[in-house]
Amino acid sequence: MPPVITLRHLEVGTTFVAALQALHLRCADFVEATTGRPPRGDEGERLFVDAPPGKGAGDKQVLGVKREGELVGVVELLPGYPGPQDWYVGLLLLSPEVRGAGVGTAVMRDTVERVARAGGRALHLIVREDNPRAVAFWQAQGFALVDRRVQDLGTKKNLVLKMVRPL
């Protein structure tokens with residue numbers, strides 16, 4: 001039986017910023033592997049405001065992943081990026097204790113339904129090439145490799161795979 005999760009829109013300035021910060025600290029392994037540094041003190045807040053060129057904080061959807069009332073993850077979505085009917089998964093971050101337990105699959109099932117209902121035609125994302133478990137997860141969710149590139153975060157450069165899932 002799949003885990004029971006709920007997704008809830010989160011907004012900056014709420015108590016969820018502190019919960020997101022705590023989540024980033026629990027996920028320090030992912031943050032350090034991606035950025036080359038430990039989580040900063042403002043990771044929770046930055047999740048609401050960082051956006052690619054041409055997009056603003058108001059364009060994003062930050063969804064808290066709750067299981068049994070506890071915030072165990074977050075998914076960041078950007079509608080209309082990179083194209084008008086595309087949606088970009090900027091982040092799927094799950095607490096270590098729920099990884100591998102079907103929570104990510106449940107989140108993506110809900111996300112795909114939400115995006116399709118909103119008229120989205122495809123989901124886009126990048127994943128670090130040196131994270132085979134994540135690559136396998138995204139492939140199992142129906143994403144296919146379309147490009148390889150270098151992601152320069154200033155603190156670290158990552159080889160990433162650009163993946164797309166048509167809806």
Side-chain angles (χ1 to χ4, degrees), residues 1-35 37-51 57-79 81 86-120 122-144 158 160-161 163-167:
M1 181 171 171
V4 176
I5 57 113
T6 57
L7 297 183
R8 177 178 175 179
H9 279 35
L10 305 181
E11 308 229 353
V12 71
T14 66
T15 58
F16 284 106
V17 172
L20 283 173
Q21 185 64 30
L23 176 66
H24 276 82
L25 293 175
R26 288 195 316 270
C27 298
D29 60 332
F30 173 81
V31 174
E32 289 181 35
T34 301
T35 65
R37 57 160 176 74
R40 296 178 294 219
D42 65 347
E43 297 287 353
E45 190 171 338
R46 291 176 66 87
L47 186 59
F48 290 101
V49 297
D50 288 347
D59 296 320
K60 295 170 66 168
Q61 293 184 19
V62 178
L63 305 174
V65 179
K66 295 183 92 177
R67 185 184 72 169
E68 298 175 7
E70 179 188 359
L71 186 72
V72 295
V74 64
V75 62
E76 172 196 32
L77 300 171
L78 187 59
Y81 187 82
D86 298 320
W87 285 56
Y88 189 80
V89 180
L91 179 68
L92 173 59
L93 184 66
L94 298 175
S95 192
E97 70 271 10
V98 300
R99 294 177 193 163
V103 172
T105 298
V107 168
M108 287 314 300
R109 185 174 31 256
D110 185 284
T111 299
V112 165
E113 290 172 8
R114 287 172 183 258
V115 171
R117 277 194 312 268
L123 285 166
H124 296 249
L125 59 84
I126 60 170
V127 60
R128 288 189 348 262
E129 192 169 27
D130 67 353
N131 188 347
R133 198 168 160 203
V135 173
F137 168 79
W138 292 116
Q139 289 172 330
Q141 302 308 309
F143 286 79
N158 296 305
V160 296
L161 307 176
M163 302 180 84
V164 176
R165 177 189 171 168
L167 301 182

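No side-chain heavy atom of Val160 sits under 4.5 Å from any side-chain heavy atom of Val127. In this structure, Leu20 and Phe48 have side chains that are in contact, with non-hydrogen atoms separated by less than 4.5 Å. The shortest side-chain heavy-atom distance between Phe143 and Leu125 falls under the 4.5 Å cut-off. Between Arg114 and Trp87 there is no side-chain heavy-atom pair separated by less than 4.5 Å. Met163 places none of its side-chain heavy atoms less than 4.5 Å from the side chain of His124. In this structure, the side chains of Val164 and Leu123 stay at 4.5 Å or more apart for every pair of heavy atoms. Taking the side chain as every heavy atom from C-beta outward, Lys66 and Leu7 never approach each other to under 4.5 Å.
The ring pair (Phe, Tyr, Trp, His ring centres under 6.0 Å) check on Phe30 picks up nothing, with sequence neighbours excluded. Annotation: salt bridge (Lys or Arg N to Asp or Glu O under 4.0 Å) contacts of Arg37 (sequence neighbours excluded): Glu43. Legend: residues meeting side-chain contact (heavy atoms from CB on, under 4.5 Å) with Ala28, ordered by chain and number and at least two apart, are Glu32, Pro39. The side-chain contact (heavy atoms from CB on, under 4.5 Å) test applied to Glu76 returns Leu47, Lys60, Leu91, not counting sequence neighbours. Residues meeting the salt bridge (Lys or Arg N to Asp or Glu O under 4.0 Å) test with Arg67, sequence neighbours left out: none.
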Worked check of side chain to side chain contact (heavy atoms under 4.5 Å, CB included) between Arg165 and Met108: CA-CA 11 Å; Arg165 177 189 171 168; Met108 287 314 300; 5.9 Å; no

Derivation of the side chain to side chain contact (heavy atoms under 4.5 Å, CB included) call for Arg128 and Leu161: CA-CA 6 Å; Arg128 288 189 348 262; Leu161 307 176; over 6 Å; no

Criterion side chain to side chain contact (heavy atoms under 4.5 Å, CB included) on Leu63 and Leu10, from CA distance to verdict: CA-CA 6 Å; Leu63 305 174; Leu10 305 181; over 6 Å; no

Worked verdict on Val31 versus His24 for side chain to side chain contact (heavy atoms under 4.5 Å, CB included): CA-CA 7 Å; Val31 174; His24 276 82; 4.1 Å; yes

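When all heavy atoms of Gln21 and Gly44 are compared, the pair lying nearest together is OE1-N, 2.8 Å. In plain terms, the two heavy atoms of Pro79 and Asp59 that are nearest each other are CD-O, 3.1 Å. The two residues Leu94 and Gly73 make their nearest non-hydrogen contact at CD2-CA, 4.0 Å. The two atoms that bring Leu167 and Val115 nearest to each other are CD1-CG1, 3.3 Å, heavy atoms only. Shortest non-hydrogen contact noted between Val65 and Val74 is CG2-N, 3.8 Å. Looking at every heavy atom in both residues, Arg26 comes nearest to Leu71 through NH2-O, 3.0 Å.
Distance check, rounded to the nearest 0.5 Å: CG of Asp50 to CG of Leu78 gives 12.0 Å.
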Check residues 134-141 and write down every donor-acceptor pair under 3.5 Å in which the side-chain atom is one partner and the other belongs to a residue at least two apart or another chain.
unit_1	atom_1	unit_2	atom_2	d
Gln141	NE2	Thr105	OG1	3.2

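Enclosure of atom CD in Glu45 is not indicated, since only 12 or fewer non-hydrogen atoms of other residues, nucleotides or ligands lie within 6.0 angstrom.
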